[in-house]
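Everything on this sheet refers to the single structure shown next.
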Amino acid sequence: MKQLLTFVLSFLLGSSAQTQSLTAPELLEKAIAYHDPDGRWATFDDTFTVIMTRPDNPERESQIAINLPQEHFSLETKIDTVTTQYILDQADCQMLYQSEPIDTTAAQAVDMSCERGNMYKNYYTYLYGLPMKLRDPGTNINYPVEKKEFQGKQYLVLKATYDAAVGSDVWYFYFDPQNYAMEVYQFYRTDDAGKMLPSSGEYVLLSEEETINGIKMPKVRAWYYNKDDQYLVTDTLIER
């Protein structure tokens with residue numbers, strides 16, 4: 001019995017020591033191995049739907065198509081009876097309103113633009129490509145791995161900053177220390193001097209999973225303000 005307890009204790013201490021000694025690149029690789037075990041993100045080509053619910057607002061349904069090898073992105077959004085769509089193929093941009101193509105002038109009247117379409121492309125590709133997107137050029141993973149408690153649970157945390165051409169926000173990514181699943185991310189704005197503003201930004205609680213094109217993506221994303229924990233919206237991922 002004593003030998004068994006000694007073995008169990010040694011195993012647990014060894015596991016803990018291994019976790020504590022993880023470098024930032026090692027943690028990122030383990031997280032990517034969990035979410036993208038077959039290395040399929042680089043050739044991602046699939047369509048999924050995101051339902052946004054928010055207090056005192058109508059539901060928003062967004063159908064998103066991402067084809068990374070072909071540099072194709074499309075976003076069709078429905079709110080009540082209004083449908084808008086962006087179709088981006090490499091440098092080409094097409095916009096549709098109520099399923100009819102519209103030009104740049106007509107698009108301005110309904111708050112659409114190719115710049116906005118590219119913003120959506122970057123937004124959805126980034127969020128639904130995490131943590132794989134943390135390998136992208138211009139992303140700087142800070143050392144060392146941090147251990148933080150968030151809402152009563154211990155996490156291994158990576159801090160990411162970005163080259164000026166990529167972005168100015170400071171991001172934190174929270175991973176389960178047992179299986180390395182990404183369960184929270186959080187970002188803060190910075191001032192003109194690059195100093196992080198602690199009362200700015202938001203955090204996102206990730207729960208459940210949906211496997212899209214072989215990749216484990218968080219199914220539910222609930223958004224809150226950092227400064228007061230005020231709830232904002234929930235995005236729910238559905239494969240259709």
Side-chain angles (χ1 to χ4, degrees), residues 41-130 132-139 160-171 185 187-192 194 197 200-202 204 212-213 215 217-218 221 223 225 232-240:
W41 174 248
T43 57
F44 186 87
D45 177 12
D46 214 325
T47 301
F48 53 91
T49 298
V50 175
I51 306 295
M52 174 187 283
T53 54
R54 45 189 174 165
D56 304 318
N57 281 280
E59 181 179 277
R60 186 174 82 182
E61 178 178 325
S62 299
Q63 186 177 76
I64 301 146
I66 300 174
N67 184 327
L68 294 181
Q70 298 297 321
E71 298 182 49
H72 169 85
F73 171 84
S74 71
L75 169 66
E76 181 177 358
T77 300
K78 298 178 182 178
I79 303 177
D80 289 333
T81 60
V82 177
T83 300
T84 60
Q85 187 174 11
Y86 294 95
I87 302 172
L88 306 177
D89 285 297
Q90 299 183 20
D92 183 62
C93 169
Q94 183 180 4
M95 294 176 285
L96 293 85
Y97 183 78
Q98 300 294 66
S99 302
E100 295 293 332
I102 56 175
D103 60 21
T104 302
T105 301
Q108 290 177 345
V110 292
D111 200 25
M112 295 181 70
S113 67
C114 286
E115 290 78 9
R116 182 179 290 270
N118 276 287
M119 179 195 73
Y120 283 129
K121 174 184 178 181
N122 293 334
Y123 172 83
Y124 284 111
T125 303
Y126 181 77
L127 290 186
Y128 288 92
L130 289 170
M132 293 71 73
K133 291 289 289 180
L134 296 180
R135 285 174 168 168
D136 283 4
T139 303
T161 57
Y162 300 86
D163 290 354
V166 177
S168 59
D169 295 343
V170 177
W171 286 70
Y185 47 71
F187 70 90
Y188 294 88
R189 308 295 187 192
T190 57
D191 60 19
D192 292 340
L197 302 172
S200 67
E202 299 157 19
V204 186
I212 308 292
N213 202 211
I215 296 172
M217 295 182 178
R221 300 170 190 251
W223 297 72
Y225 283 124
L232 294 170
V233 302
T234 296
D235 293 327
T236 302
L237 172 64
I238 302 170
E239 185 176 22
R240 289 183 176 173

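Of all heavy-atom pairs between Met112 and Leu96, the closest is CE-O, 3.7 Å. Residues Leu68 and Ala42 share a closest heavy-atom pair of CB-O, 3.9 Å. Between Phe44 and Ile215, the shortest heavy-atom distance links the atoms CD1-CD1, 3.8 Å. Residues Tyr188 and Leu197 come closest through the heavy atom pair CD2-O, 3.5 Å. Nearest heavy atoms, Pro137 versus Val166: O-CG2, 4.2 Å. Scanning both residues, Gln63 and Thr49, for their nearest heavy atoms gives CG-OG1, 4.1 Å.
Distance alone, capped at 3.5 Å, places no donor-acceptor pair between the Asp163 side chain and the Ala165 backbone. Listed for the Ser168 side chain is no donor-acceptor partner under 3.5 Å among the backbone atoms of Thr190. Judged by distance alone, the side chain of Asn57 and the main-chain N or O of Pro55 form a donor-acceptor pair under 3.5 Å. Formation of a donor-acceptor pair under 3.5 Å by the Gln98 side chain with backbone atoms of Thr83 is found in this model.
With rounding to the nearest 0.5 angstrom, the OG1 atom of Thr234 is 12.5 Å from the CD1 atom of Ile51. The CG atom of Asp46 sits 8.0 Å away from the CE atom of Met217 when rounded to the nearest 0.5 Å. Rounded to the nearest 0.5 angstrom, Ile87 CD1 and Gln94 CD are separated by 4.5 Å. Between the CG atom of Asn122 and the NZ atom of Lys133 there is a distance of 7.5 Å, given to the nearest 0.5 Å. A distance of 10.5 Å separates CD in Glu59 from CZ in Arg54, rounded to the nearest 0.5 Å. Here CG of Asp235 is found 7.5 Å from OG1 of Thr53. Values are rounded to the nearest 0.5 Å.
By the neighbour-count criterion of 12 heavy atoms within 6.0 Å, atom OH of Tyr126 is densely surrounded, having more than that number from other residues, nucleotides or ligands.
Relative ring orientation between Tyr128 and Tyr124 is described as parallel, the plane-to-plane angle staying below 30° on a 0-90° scale split at 30° and 60°. Note: Tyr123 and Trp223 have parallel aromatic rings, judged against thresholds of 30 and 60 degrees for the angle between ring planes.
Looking at Tyr86 and Thr77, their side chains never come closer than 4.5 Å, going by heavy atoms from C-beta outward. In this structure, the side chains of Trp41 and Asn213 stay at 4.5 Å or more apart for every pair of heavy atoms. At a threshold of 4.5 Å between non-hydrogen side-chain atoms, the residues Leu127 and Val204 do not count as touching. Side-chain contact check for Pro218 versus Leu237: every heavy-atom pair is 4.5 Å or farther apart.
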- Item | Intermediate values then yes/no, side-chain contact (heavy atoms from CB on, under 4.5 Å), Gln70 and Asp89 | CA-CA 8 Å; Gln70 298 297 321; Asp89 285 297; over 6 Å; no
Go through it in stages, so that I can follow the logic: the residues are Arg60 and Val233, the test is side-chain contact (heavy atoms from CB on, under 4.5 Å), and I'd like the CA-CA distance, side-chain angles, deciding distance and then a yes or no.
CA-CA 11 Å; Arg60 186 174 82 182; Val233 302; over 6 Å; no
**Request:** Tell me, with the steps shown, if Leu232 and Tyr225 meet side-chain contact (heavy atoms from CB on, under 4.5 Å).
**Result:** CA-CA 7 Å; Leu232 294 170; Tyr225 283 124; 3.1 Å; yes
What's the verdict on side-chain contact (heavy atoms from CB on, under 4.5 Å) for Gln85 and Ser99, showing C-alpha distance, side-chain angles and the deciding distance? CA-CA 7 Å; Gln85 187 174 11; Ser99 302; over 6 Å; no
